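To start, the structure under review is shown below, and the notes come after it.
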Amino acid sequence: MSIIGFSYKNLPHYLKPCFLYFGGFLQGKDIHVSKLTRLWEAEGFVPANKEKRQDDAAQGFLEDLIRRNLVMGMEKRPNTKVKTCRVHDLLHKFCMEKAKLENFLLQINSGEDVFPEQLEEYRLFVHSYQDEIDLWRPSRSNIRALLFNAIDLDNLLWPRDISFIFDSFKLVKVLDLESFNIGGTFPSEIQYLIQMRYFAAQTDANSIPSSIAKLGNLETFVVRGLGGEMILPCSLLKMVKLRHIHVNHRVSFGLHENMDESLSHSQLTNLETVSTPRLSYGEDAEKILRKMPKLRKLSCIFSGTFGYSRKVMGRCVRFPRLEFLSHLESLKLVSNSYPAKLPHKFNFPSQLRELTLSKFRLPWNQISTIAELPNLVILKLSLRAFEGDHWEVKDSDFPELKYLKLDNLKVAQWSVSYDAFPKLEHLVLTKCKHLEKIPSHFDDVVSLKSIEVNWCNWSVANSAQEIQTTQRKDMVNDVEVWQNAKVPHWLGVKFGGIFPL
């Protein structure tokens with residue numbers, strides 16, 4: 001028995017299907033972890049557990065395979081979790097052969113394999129030209145997972161006829177058409193695939209039919225719109241098992257004029273991730289979001305609604321209250337409110353760990369609510385999220401922050417008080433072309449591991465190098481102190497394209 005075979009034999013039973021699943025993907029290509037783990041869940045590899053969320057359990061399975069050196073973690077997220085992964089070529093070959101031998105899955109590659117009419121395998125991964133797939137007419141099959149990967153991206157926008165799927169694969173639990181344009185009309189026949197748990201596709205359609213709600217087992221719904229804004233039907237709000245909704249462009253809910261009536265029968269009690277809905281500021285957004293009590297990740301676009309505030313003695317933007325989302329950990333917000341620069345009153349849940357803000361164009365003094373969040377670990381400010389020449393960070397601000405990214409902001413002077421950013425590890429500065437320098441405060445932040453500077457003024461790059469020099473010098477001089485404490489990582493200054501103004 002080979003070393004790989006021995007390692008596979010000694011895997012716990014619950015990890016074996018997760019490992020063999022890699023044999024369906026293309027060799028040498030990175031796989032997005034978020035997609036991989038949701039596929040595992042839809043396939044039933046990750047059983048529901050009252051003690052641990054399914055997403056967390058799937059992430060744990062992947063980390064276990066990485067620890068066993070069977071899977072390579074490639075790219076990491078700011079929260080240190082693996083973003084993309086792959087298996088070594090030899091391991092990939094083993095997975096393909098073992099999976100085919102056990103009728104676990106079959107991979108079909110253009111130019112190498114013949115498209116079979118009769119299918120015995122449980123799962124089918126097809127990597128081929130779209131024209132070849134168009135001509136394929138298999139007989140009816142009990143296949144439970146069908147994943148297509150079109151390799152001719154030049155024809156990506158050309159609509160494809162997928163009607164044969166509804167005739168031949170009525171029992172699928174997983175249907176991945178993410179590399180296919182299924183046309184300008186969302187197929188109503190999809191309602192008959194009642195076993196389906198995972199669905200992904202591209203479409204020119206600007207709306208989803210209400211019959212989608214007949215997919216009572218659907219857990220993950222991914223649509224990459226190729227047109228403008230997409231409208232989701234009210235019926236989708238009644239899909240009890242739905243856990244993930246992702247539409248890449250703007251999406252809105254097709255609610256009736258009487259919103260309370262539309263939402264009265266909503267049952268999205270298991271929904272955990274949503275992107276990217278367009279919501280109005282104020283109470284309307286709150287009413288919709290209150291129907292998603294277990295939401296963990298939210299990415300959305302807000303359009304402005306204005307009103308009078310006694311607190312600010314004038315007009316203000318009515319930003320929705322979000323503190324009732326007690327499970328929310330990650331929040332990404334883009335503002336489309338005009339006129340800009342009106343005061344906002346943010347109400348974020350205290351357990352929020354990741355926050356991204358874009359296009360709010362707020363004065364820096366309105367960042368105080370964010371700076372006081374007790375559990376915020378990752379903060380990304382981009383595309384004029386805040387405006388003004390001077391950003392002053394006060395004592396005790398950002399007590400838990402470990403990752404800070406400033407992207408395309410017009411701040412020139414940045415001052416930081418002594419007790420701010422006590423746990424910061426990574427600082428990323430991109431296209432902050434007006435910034436004069438990085439505050440010298442970071443000389444004394446011993447937790448700092450890296451500073452990344454991209455497309456900024458030369459003086460910013462020079463100040464990063466000065467911080468690096470000071471940190472290294474001080475650590476050498478205080479070597480006895482560090483011997484009795486946890487030895488910090490050396491500060492690394494990573495430079496991208498740095499250009500003077």
Side-chain angles (χ1 to χ4, degrees), residues 32-42 48 53-55 58 173-178 182 186-187 190-191 193-194 196-203 205-255 259 262-263 265-280 284-303 320 322 325 327-334 354 356:
H32 280 274
V33 168
S34 58
K35 179 174 182 174
L36 176 66
T37 53
R38 288 172 191 173
L39 287 170
W40 284 354
E41 292 166 25
R53 295 188 183 99
Q54 221 173 355
D55 282 1
K173 292 182 179 179
V174 172
L175 180 57
D176 184 3
L177 302 168
E178 198 168 354
I182 61 175
F186 201 87
I190 197 173
Q191 65 183 296
L193 304 180
I194 57 175
M196 191 156 59
R197 297 179 182 177
Y198 180 104
F199 175 75
Q202 297 196 46
T203 179
N206 56 15
S207 64
I208 304 297
S210 59
S211 57
I212 192 75
K214 293 184 179 180
L215 300 176
N217 291 303
L218 194 65
E219 298 174 356
T220 298
F221 182 66
V222 179
V223 175
R224 300 196 177 276
L226 300 173
E229 182 170 303
M230 181 172 291
I231 299 174
L232 299 180
C234 293
S235 59
L236 185 138
L237 298 172
K238 301 176 184 179
M239 299 178 70
V240 181
K241 294 186 178 181
L242 203 57
R243 295 174 53 234
H244 308 286
I245 299 175
H246 175 76
V247 182
N248 63 324
H249 290 315
R250 294 178 302 170
V251 63
S252 60
F253 291 98
L255 302 174
M259 178 178 288
S262 299
L263 296 174
H265 301 293
S266 172
Q267 301 182 54
L268 291 177
T269 52
N270 291 305
L271 195 65
E272 295 185 12
T273 64
V274 178
S275 63
T276 312
R278 179 180 60 82
L279 301 172
S280 298
D284 287 355
E286 291 177 30
K287 289 179 180 179
I288 295 173
L289 294 174
R290 283 186 183 277
K291 298 297 182 178
M292 309 172 185
K294 293 184 180 179
L295 208 58
R296 297 177 67 191
K297 297 181 180 180
L298 172 63
S299 175
C300 60
I301 301 168
F302 279 106
S303 299
L322 299 177
L325 293 174
H327 296 276
L328 193 66
E329 298 175 356
S330 177
L331 179 61
K332 183 177 181 180
L333 301 175
V334 179
E354 301 180 22
T356 301

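Heavy-atom basis, side chains included; hydrogens, waters and symmetry copies ignored. Remember, it's a predicted structure, so these values are computed and weren't measured experimentally.
Pairing each heavy atom of A58 with each of W40, the nearest pair is O-CZ3, 3.7 Å. Listed here is the closest heavy atom pair of L328 and K297: CD1-N, 4.0 Å. Closest approach of Q191 to I194, counting heavy atoms only: O-CG2, 3.5 Å. Shortest non-hydrogen contact noted between T276 and N248 is OG1-O, 3.9 Å. What you find for A42 and V174 is that their closest heavy atoms are CB-CG2, 3.8 Å. For the residue pair L215 and L193, the shortest heavy atom distance occurs at CD2-O, 3.2 Å.
A distance of 14.0 Å separates CZ of R278 from CE of M230, quoted to the nearest 0.5 Å. E178 contributes atom CD, which lies 7.0 Å from atom CD of Q202 (distance to the nearest 0.5 angstrom). Once rounded to the nearest 0.5 Å, the distance linking OG1 of T269 with NZ of K294 reads 6.0 Å. Atom-to-atom distance recorded for L322:CG and R290:CZ is 9.5 Å, nearest 0.5 angstrom. Once rounded to the nearest 0.5 Å, the distance linking CD1 of I208 with CD1 of I231 reads 10.5 Å. Expressed to the nearest 0.5 Å, how far CZ of R296 lies from CZ of R53 amounts to 4.0 Å.
Residues satisfying the side chain to side chain donor-acceptor pair (under 3.5 Å) test with H32, not counting sequence neighbours, are none. Listed by chain and residue number, S210, I212, A213, P233 satisfy the side chain to side chain contact (heavy atoms under 4.5 Å, CB included) test with S235 (two or more places apart in sequence, or in another chain). The side chain to side chain donor-acceptor pair (under 3.5 Å) check on E41 picks up R243, with sequence neighbours excluded.
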For L331 and L325: C-alpha separation, side-chain torsions, deciding distance, then whether side-chain contact (heavy atoms from CB on, under 4.5 Å) applies. CA-CA 11 Å; L331 179 61; L325 293 174; over 6 Å; no

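A heavy-atom distance below 4.5 Å is not found between the side chains of L242 and N270. Two residues are said to be in side-chain contact when any heavy atoms from C-beta on lie closer than 4.5 Å; M292 and L298 fail this criterion. I245 has its side chain within reach of L236: a pair of non-hydrogen atoms, C-beta onward, lies under 4.5 Å apart. Contact of the L237 side chain with the K291 side chain is not registered, since no non-hydrogen atoms from C-beta on lie closer than 4.5 Å. Contact check for V274 versus C300: no side-chain heavy atoms found under the 4.5 Å cut-off.
A donor-acceptor pair under 3.5 Å is absent between the side-chain atoms of N206 and the main chain of E229, judged by distance alone.
Ring orientation note: the planes of F221 and F199 are close to parallel, at an angle under 30° on the 30°/60° scale.
Among K35, R197, R38, the single residue meeting the salt bridge (charged side-chain N to carboxylate O under 4.0 Å, His left out) criterion with D176 is K35.
Counting non-hydrogen atoms of other residues, nucleotides and ligands closer than 6.0 Å to NZ of K214 gives a total of 12 or fewer.
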